[in-house]
Amino acid sequence: MFSVRRRGVARLAAATMVSGLVVAGSIAIAGPAMADGADQGTGGATATLGDLKIYDTVEIKDSNREVSAGLFEMAVKPGGFIQTYCIDLYTGAKTGQEYKEVGWDQSSLHNNKDAGKIRWILQNSYPQVNDLTSLAAKAGATQLTEKTAAAATQAAIWHFSDKVDAVPVNADAAKLTKFLEEKAVELDEPTASLSLSPSSVAGKAGSRLGPITVDTNSGTAKVSLAPGAPAGVTVVDKDGKAVTSVADGSKVYFDVPAGTADGTAELNVQADTTVPIGRAFVATKVKSQTLILAGTSTSTVSAKASASWAKQGVVPSVTAEKNCAKGGVDITLGNKGDEAWEVDLKGVKYSIAAGESKTVTVPVAEDEAYKFTITGPNGFEKVIEGVLDCKTATPGPTPSETPTDTPSPSQTPATGGTTSGTTGGGDLAETGSSSATPMIAGIAAALVVVGGGAIFFLRKKKTAGQ
């Protein structure tokens with residue numbers, strides 16, 4: 001597919017010739033870090049990236065490349081499926097990775113003046129418009145299939161997300177791409193499927209801690225306390241009545257009876273709904289292609305909020321949110337207690353006075369995975385982690401020049417089609433990847449064997465000389 005495939009393999013082989021044994025050792029022990037927490041205040045859908053399912057070939061004129069372009073399928077936890085397009089062409093998509101629904105301000109769309117046009121394309125093309133005969137007629141095309149319509153839609157999205165000239169190789173698909181690019185108009189950002197604000201509250205026992213406002217596009221959502229909450233603690237409304245379900249705009253509180261020992265509690269909110277078309281999805285643990293929602297079934301979405309309380313001293317609360325405009329993570333530190341809270345955050349000390357709230361932006365490099373823990377009295381702990389992914393990648397090596405962790409489903413021929421089956425942790429560079437990975441792996445393995453043989457030979461020679 002790529003004219004530079006042989007050159008890329010040759011370069012990798014040369015590098016491996018020098019350091020093959022060391023690299024092989026690194027591959028054997030390297031692995032993803034285990035995660036035990038996540039950014040707070042990021043309620044909504046959580047999904048696992050699957051294969052590129054419906055696709056065809058698109059030429060990227062700017063870099064003279066051909067890539068597979070179309071719809072990914074993602075499995076929502078704990079239930080449901082969604083379809084997504086890519087809005088980050090030059091970043092590899094890692095199958096099997098966890099993704100989280102976020103607002104445009106926490107993605108590469110945060111400073112994209114054409115973000116609304118991307119949403120228009122999603123609303124007015126496949127799969128939202130599945131009458132392909134009608135869609136072809138509007139575009140002046142003769143015939144469209146699912147795979148050519150998906151490729152055409154992806155190409156039009158890349159025009160606005162990555163500012164590239166992407167043209168499907170299929171002539172009718174190219175007409176649809178041109179139609180979508182010319183007709184697109186600005187639409188507003190879609191609302192979250194479910195979110196809680198704030199995601200952390202604090203106070204003293206004998207009072208209601210909150211309010212926590214529920215934002216959702218679902219008719220109702222279920223509310224429950226997480227296991228382990230102290231006896232007597234309940235979730236109530238503003239009138240003090242116990243709450244088990246809420247609607248959009250509802251305000252809920254933690255009711256902590258007087259005399260309750262210092263501690264913490266967490267509430268869960270869950271809803272069955274359809275995630276709004278146009279919501280962004282970003283990887284939570286590693287750098288992986290940013291995606292945007294194109295099709296959805298009814299899915300289960302969730303959000304959490306926590307509370308902490310104490311009779312005296314520090315009563316802390318922490319919320320965190322990515323700030324793409326500032327290139328970091330906003331950490332809001334609150335103290336509802338009656339004495340100052342001394343906080344060490346990434347090596348910098350802060351003093352949060354009684355009754356004070358302070359927001360600190362922690363700088364994070366683009367594409368950097370971050371993780372840090374904030375602790376407080378009475379066992380209070382918040383783990384803040386994620387990946388800052390606020391920009392689309394710039395053109396770099398072709399997929400065949402970028403080694404991948406495992407063979408990816410892009411080994412399916414780029415003539416287009418609907419894939420099936422599963423993969424484990426593959427890296428689909430630029431949506432569709434190259435089939436050079438097995439060749440690269442074979443060369444590396446062979447060189448490791450040759451290197452080992454060379455060492456054995458030299459040792460034998462030395463022994464014989466002695």
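Values reported hereafter were calculated over all heavy atoms of this structure, with side chains retained and with hydrogens, waters and symmetry mates removed.
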Any heavy-atom pair between the side chains of S317 and K336 that's under 4.5 Å?
no
Salt bridge (charged side-chain N to carboxylate O under 4.0 Å, His left out) filter on D367, not counting sequence neighbours, yields K287
Between W309 (side chain only) and S207 (backbone N and O only), is there a donor and an acceptor less than 3.5 Å apart?
no
Which heavy atom in L122 sits nearest to a heavy atom in A294, and how many Å separate them?
CD2-CB, 3.9 Å
Under 4.5 Å between any side-chain heavy atoms of V58 and V167, yes or no?
no
Is R119 salt-bridged to E189, cutoff N-O under 4.0 Å?
no
Over all heavy atoms of both residues, which pair between S63 and Y90 is shortest? Give the atoms and the distance, please.
OG-OH, 3.3 Å
Could you note down all residue pairs passing salt bridge (charged side-chain N to carboxylate O under 4.0 Å, His left out) where residues 345-360 supplies at least one of them, sequence neighbours left out?
D344-K349
Counting C-beta onward and ignoring hydrogens, is there a side-chain heavy-atom pair between T48 and T95 closer than 4.5 Å?
no
Taking all heavy atoms of K311 and all of T260, pick out the closest pair and write down the distance.
CE-O, 4.1 Å
Using a strict threshold of under 4.0 Å (side-chain N to carboxylate O), is an ion pair present between E366 and K391?
no
Donor-acceptor pair, side chain of D88 and main chain of A393, under 3.5 angstrom
yes
What's the verdict on side chain to side chain contact (heavy atoms under 4.5 Å, CB included) for L109 and I292, showing C-alpha distance, side-chain angles and the deciding distance?
CA-CA 10 Å; L109 297 178; I292 193 163; 4.0 Å; yes
Where do K94 and V286 land on the side chain to side chain contact (heavy atoms under 4.5 Å, CB included) test, with the steps shown first?
CA-CA 9 Å; K94 298 182 182 295; V286 299; 3.9 Å; yes
Rounded to the nearest 0.5 Å, what's the gap from OG1 on T359 to CG on L333? Could you check?
7.5 Å
Q289 side chain vs T91 backbone, donor-acceptor pair below 3.5 Å:
yes
In plain terms, say whether K100 and E98 are close enough for a salt bridge, that is, a side-chain N and a carboxylate O under 4.0 Å apart.
no
Is it the case that over 12 heavy atoms from other parts of the model lie below 6.0 angstrom from the NZ atom of K61?
no
Side chains of L180 and W120: closer than 4.5 Å at any heavy-atom pair?
yes
Output for pair (D330 CG, I384 CD1), nearest 0.5 Å, gives 11.5 Å
Would you find a donor on one side and an acceptor on the other, under 3.5 Å apart, between the side chain of D172 and the backbone of L144?
no
Flag, side chain of S308 to backbone of P316, donor-acceptor distance under 3.5 Å
yes
So, does T145 use its side chain to make a donor-acceptor pair with the main chain of T148 at under 3.5 Å?
yes
Judged by modelled atom types alone, do S288 and Y99 share a side-chain donor-acceptor pair under 3.5 Å?
yes
Checking side-chain polar atoms at under 3.5 Å, does N217 have a donor or acceptor matched by the opposite partner on T273?
yes
Output for pair (Q106 CD, W104 CH2), nearest 0.5 Å, gives 14.0 Å
Does the D62 side chain pair with the main chain of D165, one donor and one acceptor, at a distance under 3.5 Å?
yes
Rounded to the nearest 0.5 Å, what separates atom OG1 in T274 from atom CG in L293?
9.0 Å
Is it true that, when you exclude Q143 itself, more than 12 heavy atoms of the residues, nucleotides or ligands shown sit nearer than 6.0 Å to its CD?
no
Looking at side-chain heavy atoms only, is the closest gap between C324 and N111 below 4.5 Å?
no
Shortest non-hydrogen contact from A320 to V329?
CB-CG1, 4.3 Å
Inter- and intrachain pairs under side-chain hydrogen bond (donor to acceptor under 3.5 Å, both in side chains), touching residues 176-188, at least two apart:
none
Determine whether the side chains of T153 and S125 contain a donor N or O and an acceptor N or O closer than 3.5 Å.
yes
Note: D105-K322 ion pair, threshold 4.0 Å (strictly below):
no
Walk me through whether S302 and K77 qualify under side-chain hydrogen bond (donor to acceptor under 3.5 Å, both in side chains).
CA-CA 9 Å; S302 61; K77 302 175 183 178; over 6 Å; no
Could you tell me whether a side-chain N or O of D114 sits under 3.5 Å from a main-chain N or O of S161, the two making a donor and an acceptor?
no
Residue pair V301 / Q270, side-chain heavy-atom distance below 4.5 Å:
no
Do T244 and V223 make a side-chain contact, defined as non-hydrogen atoms from C-beta onward lying under 4.5 Å apart?
no
Take L291 and L49 through the side chain to side chain contact (heavy atoms under 4.5 Å, CB included) test and state the conclusion after the steps.
CA-CA 10 Å; L291 304 170; L49 180 61; 3.7 Å; yes
Output for pair (K204 NZ, D262 CG), nearest 0.5 Å, gives 10.0 Å
Answer yes or no: is there a side-chain heavy-atom contact under 4.5 Å between V318 and T332?
no
Smallest separation among heavy atoms of A45 and S193, with atom names
N-OG, 3.9 Å
Separation between CD of E342 and CD1 of I352, rounded to the nearest 0.5 Å:
8.5 Å
Side chains of T213 and K251: is there a donor and an acceptor less than 3.5 Å apart?
yes
Mind running side chain to side chain contact (heavy atoms under 4.5 Å, CB included) on L135 and L176 for me, showing each step along the way?
CA-CA 8 Å; L135 189 60; L176 176 57; 4.0 Å; yes
Determine the minimum heavy-atom distance between S200 and K382, stating which atoms define it.
OG-CE, 4.1 Å
Without swapping roles, check the side chain of D239 against the backbone of K241 for a donor-acceptor pair under 3.5 Å.
no
Using modelled atom types and a 3.5 Å cut-off, is there a donor and acceptor pairing between side-chain atoms of N268 and backbone atoms of K304?
no
